[in-house]
Amino acid sequence: MKKPSSRIREEIAKLQEQLRQAETREAERIGRIALKAGLGEIELDETDLQVAFEKLAARFRDNGATTASRNKAAPPLSPGAAESRADGA
């Protein structure tokens with residue numbers, strides 16, 4: 001039996017709400033991590049920061065689970081460490 005269009009619209013609305021909530025959780029998680037890494041203290045243009053995040057995402061996509069598991073064993077960076085690495089040190 002086919003679903004009426006009103007039912008499909010209701011399902012779409014529920015899924016859109018679930019998507020919004022999932023994106024909010026992900027954004028909060030990433031934001032907390034970025035603040036712990038000291039990104040909140042660095043004056044960066046939003047476009048530059050987005051490019052840096054895209055490069056980071058590509059690095060993890062390219063290396064897959066190997067990089068992720070290797071990084072879990074690494075100690076967390078202090079807020080100043082992120083700044084010293086940004087200038088190539």
Side-chain angles (χ1 to χ4, degrees):
M1 185 170 150
K2 292 184 177 182
K3 293 182 185 178
S5 60
S6 61
R7 178 120 224 234
I8 294 171
R9 283 188 192 93
E10 288 173 10
E11 290 177 12
I12 290 171
K14 287 178 186 177
L15 290 172
Q16 287 174 330
E17 178 61 20
Q18 289 176 6
L19 176 60
R20 187 190 64 74
Q21 290 174 357
E23 288 175 339
T24 298
R25 283 190 307 272
E26 292 166 0
E28 289 172 350
R29 177 179 167 260
I30 292 167
R32 281 191 303 273
I33 293 168
L35 289 174
K36 286 179 184 178
L39 288 177
E41 300 168 10
I42 300 173
E43 298 278 334
L44 284 175
D45 178 59
E46 198 168 309
T47 304
D48 293 337
L49 188 56
Q50 181 175 346
V51 169
F53 275 127
E54 288 169 355
K55 288 179 183 178
L56 180 64
R59 188 181 106 200
F60 280 94
R61 278 190 205 107
D62 292 344
N63 294 332
T66 304
T67 301
S69 63
R70 183 172 56 233
N71 286 339
K72 283 186 179 181
L77 293 175
S78 64
E83 290 181 56
S84 65
R85 290 188 181 185
D87 63 3

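For clarity, every value in this text was computed on a predicted model and none was experimentally measured.
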Calculate, to the nearest 0.5 Å, the distance between atoms [atom1] and [atom2] belonging to [X] and [Y] respectively.
X	Y	atom1	atom2	answer
Arg7	Arg9	CZ	CZ	14.0 Å
Lys2	Ile8	NZ	CD1	9.5 Å
Asp45	Leu49	CG	CG	9.0 Å
Leu35	Ile30	CG	CD1	12.0 Å

>> Are Glu54 and Gln50 packed together at the side-chain level, in the sense that at least one heavy-atom pair is separated by less than 4.5 angstrom?
In response: yes
> With a 4.5 Å heavy-atom cut-off, do Arg59 and Leu56 have their side chains touching?
Replying inline: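 They are in contact (side-chain heavy atoms under 4.5 Å apart), so the answer is yes.
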>> Going by side chain to side chain donor-acceptor pair (under 3.5 Å), name the residues that satisfy it together with Glu10, two or more places apart in sequence or in a different chain.
In response: none
>> Taking side chain to side chain donor-acceptor pair (under 3.5 Å) as the definition, give me every residue that meets it alongside Arg20, ordered by chain and number, with sequence neighbours left out.
In response: Glu17
> More than 12 heavy atoms of other residues, nucleotides or ligands under 6.0 Å from CD of Glu11: is that the case?
Replying inline: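 Yes, CD of Glu11 has more than 12 neighbouring heavy atoms, counting only those of other groups under 6.0 Å.
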> Is Glu46 atom CD crowded by more than 12 heavy atoms from other residues, nucleotides or ligands, each under 6.0 Å away?
Replying inline: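 Not buried by this count: 12 neighbours or fewer within 6.0 Å.
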> Mind checking whether Ile33 and Phe53 sit in one hydrophobic cluster, side chains of I, L, V, M, F, W, Y counted as touching below 4.5 Å?
Replying inline: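 Different clusters: Ile33 never reaches Phe53 through Ile, Leu, Val, Met, Phe, Trp or Tyr contacts under 4.5 Å.
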>> Would Gln21 and Thr24 count as a side chain to side chain contact (heavy atoms under 4.5 Å, CB included) here? Give the steps.
In response: CA-CA 5 Å; Gln21 290 174 357; Thr24 298; 5.6 Å; no
